[in-house]
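Accompanying notes for the structure given below.
Letters A, B, ... are given to chains in the order of the sequence lines, protein chains preceding strands, and every chain is numbered from 1. For clarity, every value in this text was computed on a predicted model and none was experimentally measured.
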Protein chains: 2
Amino acid sequence: MTETPPKRATIAAVARRAGVSPSAVSHVFNGRPNVSAATAARIRQAADELNWRPNYASRKVSGRGGRSLGLVIARASDTFGRDPFFMRLVAGLTEPLAEIGWSLSLTLVRVDDEARVYREWWAEQRVDAFLLVDVRADDPRLDLIGRLAAPAVVLGAPIDATVPAVTVRDDAAFEAVLAHLAELGHRRVARVNDAPNLAHTRARDARFATAAAGHGIEPSYAVWDAEAEDPVADLLGRIGPVTAIIVDSEVMAAEIVAHAPEIGVSIPERLSVVAWEDSWVSTLVRPRLTALDAPVEESARTAVGLLERLVRGDGVTSQTVGGRRLMIRDSTSTAPSVVHGQD
Amino acid sequence: MTETPPKRATIAAVARRAGVSPSAVSHVFNGRPNVSAATAARIRQAADELNWRPNYASRKVSGRGGRSLGLVIARASDTFGRDPFFMRLVAGLTEPLAEIGWSLSLTLVRVDDEARVYREWWAEQRVDAFLLVDVRADDPRLDLIGRLAAPAVVLGAPIDATVPAVTVRDDAAFEAVLAHLAELGHRRVARVNDAPNLAHTRARDARFATAAAGHGIEPSYAVWDAEAEDPVADLLGRIGPVTAIIVDSEVMAAEIVAHAPEIGVSIPERLSVVAWEDSWVSTLVRPRLTALDAPVEESARTAVGLLERLVRGDGVTSQTVGGRRLMIRDSTSTAPSVVHGQD
DNA sequence: GTGAAAGCGCTAACAT
DNA sequence: ATGTTAGCGCTTTCAC
């Protein structure tokens, strides 16, 4: 299997072949200007012929900071697997990273292993920066990152002083959703989420309350219990006399929409459903989900931009990216008058 | 932002602190036996106090082969994003990799960039092995990998002489599906796939034909055209007088099941649908999909095992992993007698 | 059982 | 514009 001794060319070999010194080769491959065009060309050709590229590891050892982004996801593999968001994220990260010659190191961990992995990856210098997702309230990672002095950016959580963040503008979104629902006659709306400990949850709750007030809507809150025997029935049994719900993920919303009719709640006739994320899943179920699309790709690109400046030592500040778009589909309609008359 | 000069400890610092030489430290961290238990303990403690771990890059430079697996996926980000298989794969890879101290480098590329990325990652020694997925018929990567002499294993494609593969046993699965369908009275069944150029497609077609013959079922074939204005209508218009279809992915199947009734084909009354993959998507649509679950996690673990032996230079042979399980749900039922009487 | 020293492939001063 | 040289942090003979 390993018949050919996999001896890979070295910079010395390339130099020899091009009739120059190793440093000349190095200069060329690091865009330094002190090499004549002619020699540069010879060098590049020699490198091509030998199929040589600067060894990534050696490069790192000799000072030139590496190019690897660490993404450590602390989710059980099933909740990870059910969330199309991560696919969008990985896909969105991939292109801007490739543009700057970085690669992505990805892993899944249990929460109690999280800190260890961050430490190890950083100590071993496997990665040169981190992207933090699923930031929880009082997330210990913020502190950890600070102590490690590792470059990092937070994705999708409220801005924190120590670690720059990329967030999606939410306010207009709530405004749009509640305007839509108010127009349809809804007066009682619940917001349901499945991760009450995530950092953005409180902020969203607050914005929801504000926007609701502006439209004469009475807000309420409910938490999705994935452990329940029948999570949808469980939830529906707890949300009270609302005529619409805003659900924090489109997958949850899809489950609700698919299952609710089977337990006597027709959608959207009895209950309107809005999903706070959008993906191909939204149009897979019937009725198709009215959903808010988030600019995941743009967030990813912005994050990579921040990261790059961060490792270069440039000053960097948190950024927010373009708003969400409300995709009105079939899971929302006029409020049932029965309940409507209740307020 | 970078207030603390991020000077990380070196092996020398650890050695000094433990009152030994650098090589002693190295020995301890490489499990070499020539260090007394007492000194080893002191060394480990010193390392802990300094939060030191052997620098990954330096280690690689000094010969000790690295620990990074490259996964290069040549799909448009939307088809990547819609396929829960990849999430399962990544999740399944993550744990066995962590166990042997490897990390996963993941990227998405356009097909025409594929070869370049493999070459670069290998030449730069960013990765130390590759996992090949979505292997196409006459896939140029097999040849490329051979020329690079890079350790690699193929996932989910027929066994090739040069690169060891992990495949899922399929034969029993077709047998099970066709038995199920035959029992329900189906005599004409179509297999539909969306990637006719994938290496496993032909093999599956063949097995399908064999199994069908064994059950007196007339097999036919159709290709899903994602570019069509209405792919479901398009497909249904082309499949001919079949009463059941076996669809190569559960996402495609889900779309069919969701959309078919809207264009006058009720499922399963008029058409039974079997999905050749399973995931949470299968139970999201109504009717829930009868589907074949594949042991993705087991495949991933097996692949990692092969890889590890491969980089160690051990001999390695292709392996097949446990069969698929047929999850009978609601998208299959008795064949409509109208069409049934046709054969 | 422990340490000295050479070397891995590259980059970066510093000559020339 | 090009070459020389000294590291980078680690592993690994090979002495002690």
Rounded to whole Å, the NZ-P distance (A/Lys60 to C/dG9) equals 18 Å
In whole angstroms, the gap separating C1' of C/dG3 from CZ of B/Arg42 amounts to 14 Å
Here the distance between atom P of C/dC10 and atom CG of A/Leu50, to the nearest Å, is 11 Å
In whole angstroms, the gap separating C1' of C/dC8 from CZ of A/Arg8 amounts to 13 Å
Rounded to whole Å, the CD-C1' distance (B/Glu124 to C/dC10) equals 13 Å
Quiz prompt | Lys/Arg N to Asp/Glu carboxylate O, B/Asp128 vs B/Arg67, below 4.0 Å | solution = no
Taken to the nearest whole Å, CG/A/Asn55 to C1'/D/dC10 is 14 Å
Scoring nucleotides 11-16 of chain D by protein non-hydrogen atoms under 4.0 Å (B base, S sugar-phosphate only, - none) yields BBB---
Residues passing the side chain to side chain contact (heavy atoms under 4.5 Å, CB included) test with A/Thr10, sequence neighbours excluded, are A/Ala12, A/Ala13
* Does a side-chain N or O from B/Ser36 land closer than 4.0 Å to OP1 or OP2 of C/dT2, or not? -> yes
Separation of C/dG1 atom C1' from B/Ile43 atom CD1, nearest Å, is 11 Å
A/Arg16 atom CZ is separated from D/dT2 atom C1', nearest whole Å, by 18 Å
Closest to the side chain of B/Thr39, out of C/dT2, D/dC10, D/dT2, is C/dT2
Salt bridge check: are B/Glu95 and B/Arg301 linked by an N-O gap of less than 4.0 Å? yes
Margin query: Is any side-chain heavy atom of B/Val166 closer than 4.5 Å to one of B/Thr320?
Written below: no
**Asked** Does any donor atom in the side chain of B/Ser299 or B/Thr302 lie under 3.5 Å from an acceptor atom in the other side chain?
**Response** no
Looking at every strand, decide which applies to B/Val61 at a 4.0 Å heavy-atom threshold: base, sugar-phosphate, or nothing.
base
task = Quick one: sort the B/Trp122 and B/Phe130 rings into parallel, tilted or perpendicular, breaks at 30° and 60°.
result = tilted
When every non-hydrogen atom of B/Ala303 is compared with those of B/Leu155, the smallest separation belongs to CB-CD1, 4.0 Å
